[in-house]
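Here is the structure we will look at.
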Amino acid sequence: QVQLVESGGGLVQAGGSLSLSCAASGNTFSINAMTWYRQAPGKERELVATISSGGNIVYVDSVKGRFTISRDNAKRTVYLQMSSLKPEDTAVYYCKMAMTTWPSRVLSDYWGQGTQVTVSS
């Protein structure tokens, strides 16, 4: 019953900004870490940013100072604000949430469907 739906991807020129969101729905009980990954053509999926339930944040070096991850627990949503975008940021962006569901309370990972971000030069 749990679904993660991503939105906000699209086309943007280099130097521009874009905001992604990922909202969970269904029978969630408690959401722990919320994480953004990305996968560029011909490359492996890499972690972009993660935020713990306590607000601890880690970014991959290549996006530090440009991307901001945040979460809204009431909305069960994680956001990724991207600024100063570069062509190298072009990828499919995926969100992942570690959560327990009601009533099993078993911790599992759930993934969004992915959203395309394309940065033109």
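Side chains of Arg38 and Val117 form no contact here, defined as non-hydrogen atoms less than 4.5 Å apart. Looking at Met97 and Cys22, their side chains come closer than 4.5 Å, going by heavy atoms from C-beta outward.
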Given side chain to side chain donor-acceptor pair (under 3.5 Å), test Arg45 with Tyr37 step by step and report yes or no. CA-CA 7 Å; Arg45 185 174 299 185; Tyr37 293 81; over 6 Å; no

Apply the test side chain to side chain donor-acceptor pair (under 3.5 Å) to residues Ser19 and Gln81: give CA-CA distance (whole Å), side-chain angles for both, the deciding distance (0.1 Å), then the verdict. CA-CA 4 Å; Ser19 294; Gln81 176 66 51; 2.3 Å; yes

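At most 12 heavy atoms of other shown residues, nucleotides or ligands fall within 6.0 angstrom of atom CD in Gln3.
Here the closest non-hydrogen pair linking Ala98 and Asp109 is CB-OD1, 3.5 Å. Taking each heavy atom of Ala33 and Thr50 in turn, the nearest pair found is CB-OG1, 4.2 Å. Scanning all heavy atoms of the two residues, the minimum distance from Ser121 to Ala14 falls at CA-CB, 4.3 Å. Smallest separation of non-hydrogen atoms from Ala40 and Ala91: N-CB, 3.7 Å.
Taking hydrophobic clusters as Ile, Leu, Val, Met, Phe, Trp and Tyr residues chained together by side-chain heavy-atom distances below 4.5 Å, Ile31 shares a cluster with Leu20. No continuous path of ILVMFWY side-chain contacts below 4.5 Å connects Val2 to Trp111, so the two sit in separate hydrophobic clusters. Criterion: ILVMFWY side-chain heavy atoms under 4.5 Å apart, direct or through other members. Under it, Leu47 and Ile51 are not part of a common hydrophobic cluster. Linking Ile, Leu, Val, Met, Phe, Trp and Tyr residues whenever their side-chain heavy atoms come within less than 4.5 Å leaves Tyr79 and Tyr93 in two separate clusters. Hydrophobic cluster membership differs between Val60 and Val92, with clusters built from Ile, Leu, Val, Met, Phe, Trp and Tyr side chains linked at under 4.5 angstrom.
Ser21 and Ser7 form a side-chain donor-acceptor contact under 3.5 Å, judged by distance and modelled atom types alone. Checked by atom type, the side-chain pair Thr115/Gln113 shows no donor-acceptor distance below 3.5 Å. For the residue pair Tyr110 / Lys96, no side-chain donor-acceptor distance below 3.5 Å is found, with atom types taken as modelled.
Separating the OG1 atom in Thr118 from the CG atom in Leu18 is a distance of 9.5 Å, to the nearest 0.5 Å. Of the inter-residue distances, the one linking Ser25 atom OG with Gln1 atom CD reads 9.0 Å to the nearest 0.5 angstrom. Rounded to the nearest 0.5 angstrom, Leu4 CG and Met99 CE are separated by 5.0 Å.
Of the possible donor and acceptor atoms, none in the side chain of Asn73 sits under 3.5 Å from a partner among the backbone N and O of Arg76. Under the 3.5 Å distance criterion, the side-chain polar atoms of Glu6 are matched with a main-chain donor or acceptor of Gly114. Checking side-chain atoms of Thr101 against main-chain N and O of Arg105 turns up no donor-acceptor pair under 3.5 Å. In this structure a side-chain-to-backbone donor-acceptor pair under 3.5 Å is missing from Arg71 to Val78. In this structure, the side chain of Gln116 does not engage the main chain of Gly10 through any donor-acceptor pair within 3.5 Å.
With a 4.5 Å cut-off between side-chain heavy atoms of Ile, Leu, Val, Met, Phe, Trp and Tyr, the cluster of Val58 takes in none.
Residue pairs meeting the disulfide (SG to SG under 2.5 Å) criterion with at least one member in residues 27-56, sequence neighbours excluded, do not occur. Residue pairs meeting the ring pair (Phe, Tyr, Trp, His ring centres under 6.0 Å) criterion with at least one partner in residues 53-74, sequence neighbours excluded, do not occur; the list is empty.
With respect to Lys64 and Asp61, a salt bridge is recorded, a charged nitrogen being found less than 4.0 Å from a carboxylate O.
Applying the ring pair (Phe, Tyr, Trp, His ring centres under 6.0 Å) criterion to Tyr94, with sequence neighbours excluded, gives no partner residue. With sequence neighbours left out, the side-chain hydrogen bond (donor to acceptor under 3.5 Å, both in side chains) criterion links Thr90 to no other residue. Here Thr100 pairs with Phe29, Ser30, Leu107 under the side-chain contact (heavy atoms from CB on, under 4.5 Å) rule; sequence neighbours left out.
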